[in-house]
Asks: 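Can you keep this structure in mind? I'll have questions shortly.
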Amino acid sequence: MPAFTATAPAKIILFGEHAVVYGRPAIAVPVTSLQARAIVRPEPRAPHGQVRLVAAAIGLDALMEELNPDHPLRRVVELTARELGAAYLPACQINIQSTIPVASGLGSGAAVSVAVIRALAAYLGKSLPDEVVSTLAYEVEKIYHGTPSGVDNTVIALRRAVYFLRGQAIQPLRVGRPFTLLIADSGIPSPTATTVSEVRAGWQQNPAFYEQRFDQIADIVQQARLLIENGQPEQLGDLMNRNQILLQEVGVSSPELERLIATACQAGAAGAKLSGGGRGGNIIALVDEWSAATVSESLWKAGAQGIILTTVQ
Ligand code: PMV
């Protein structure tokens, strides 16, 4: 019996995190060196409709109906089966593997969802448009995040750079000239739901302060979009530094992130900022072929727990 496999990349947000939850644009890109993978194997001897979910990395090996109805994996399988018009799935085992660190702003949850959706569609001999894959994954993102903007599922389903605005059709972003980023992991897990709800609490107390920062972030995103499309990525560094200051002001940075960002800039990065929910997780630094090795070495020395070099194209 054949197996049906699908993969989905990690992602990083280049500009606009948090403000994007409040209707401002963001820019996000896939990171293909990290991937989630779902493998669906038919189990012809098992009763019709029986689905076994296996994710060794989190110690999961269970029948789907044993899982809480709100379990993200159960939810994604049920939503996909419904979308594909399958009242019952032919019995199968779904194996999930991922090299994407969890709770570090790399979109691991959305990537697992997208991989499972596409592998199940293939198992049923169908394929789903990117928009539908993204919408299904968004439903699952709500379990992880509470009020996700939808940027993660969009960029991961599309597998291309996106200019994202909540509630609008997916807009792929043309990258005029490739550029290189270092992604450095602070090693501090930081669930996005926590920082998103803290920002909301602050916004409720002082909406004018937050709205002003979100507007400034939106301006930065627009400028970044033009630079990326026009093939002038070396000028993005300054915008990254400015976005970072605004993220500090909305309270989602941390001393550890600031230290890594300062290290990257002192070692020759053109700019650096946190990426994703903040407080922990990853920073990104804009480098070129000359600075990449020095910046990377300095980040390791400053305590980075993992470093990925990625090319945006
Ligand atoms: O932590 P991440 O990369 O999964 O994304 C968080 C991005 C936020 O803007 C903070 C939240 C959201 O839903 O867009």
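Note that ligands are numbered from 1 as they come in the structure, with each ligand's atoms numbered from 1 the same way.
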Asks: State the atoms of ligand 1, each with its element, that fall below the 4.0 Å cut-off from a heavy-atom position in Gly105.
Replies: 1 (O), 2 (P), 3 (O)
Asks: I'd like to know if Arg82 pairs up with Glu139 as an ion pair, taking the criterion as any Lys NZ or Arg NE/NH1/NH2 lying under 4.0 Å from an Asp or Glu carboxylate oxygen.
Replies: no
Asks: Residue-level breakdown please: for Thr195 versus ligand 1, do any non-hydrogen atoms fall below 4.0 Å on the side chain, on the backbone, on both, or on neither?
Replies: neither
Asks: Going by the order shown, which atoms of ligand 1 are within less than 4.0 Å of some heavy atom of Val20?
Replies: 9 (O), 14 (O)
Asks: Less than 4.0 Å is my threshold; does some heavy atom of Lys11 fall inside it relative to ligand 1?
Replies: yes
Asks: Relative to ligand 1, is Val21 under 4.0 angstrom through side chain, backbone, both or neither, heavy atoms considered?
Replies: side chain
Asks: Can you find an N or O of Thr147 that's nearer than 3.5 Å to an N or O of ligand 1?
Replies: no
Asks: Nearest to atom 7 (C) of ligand 1, what protein heavy atom do you find, and at what distance?
Replies: Ile13 CD1, 3.5 Å
Asks: Please identify which atoms of ligand 1 are closer than 4.0 Å to at least one heavy atom of Val151.
Replies: 14 (O)
Asks: Would you mind running through ligand 1 and noting each atom that sits below 4.0 Å from a heavy atom of His18?
Replies: 8 (C), 9 (O), 10 (C)
Asks: Does atom CD of Gln204 have more than 12 heavy-atom neighbours, drawn from other residues, nucleotides or ligands, at distances under 6.0 Å?
Replies: yes
Asks: Gly276 to ligand 1: N or O pair under 3.5 Å?
Replies: no
Asks: Taking Glu256 first and then Arg279, would you say they form a salt bridge - that is, a charged N and a carboxylate O separated by under 4.0 Å?
Replies: no
Asks: Tell me which protein heavy atom sits closest to atom 12 (C) of ligand 1, plus the residue, atom name and distance to 0.1 Å.
Replies: Ser149 OG, 3.3 Å
Asks: As an exercise, state the distance from CZ of Phe164 to CG of Leu173, rounded to the nearest 0.5 Å.
Replies: 14.0 Å
Asks: More than 12 heavy atoms of other residues, nucleotides or ligands under 6.0 Å from CZ of Arg37: yes or no?
Replies: no
Asks: I'd like to check which ligand 1 atoms, numbered from 1 as shown, lie under 4.0 Å from a non-hydrogen atom of Glu17.
Replies: 9 (O)
Asks: For Ser253 and Gln244, does a side-chain donor sit closer than 3.5 Å to a side-chain acceptor?
Replies: yes
Asks: Using the six-membered ring of Phe209, assess whether NZ or CZ of Arg213 lies under 6.0 Å from its centre and within 45 degrees of the ring axis.
Replies: yes
Asks: Would you call Arg24 and Glu211 a salt bridge, taking side-chain N to carboxylate O under 4.0 Å as the test?
Replies: yes
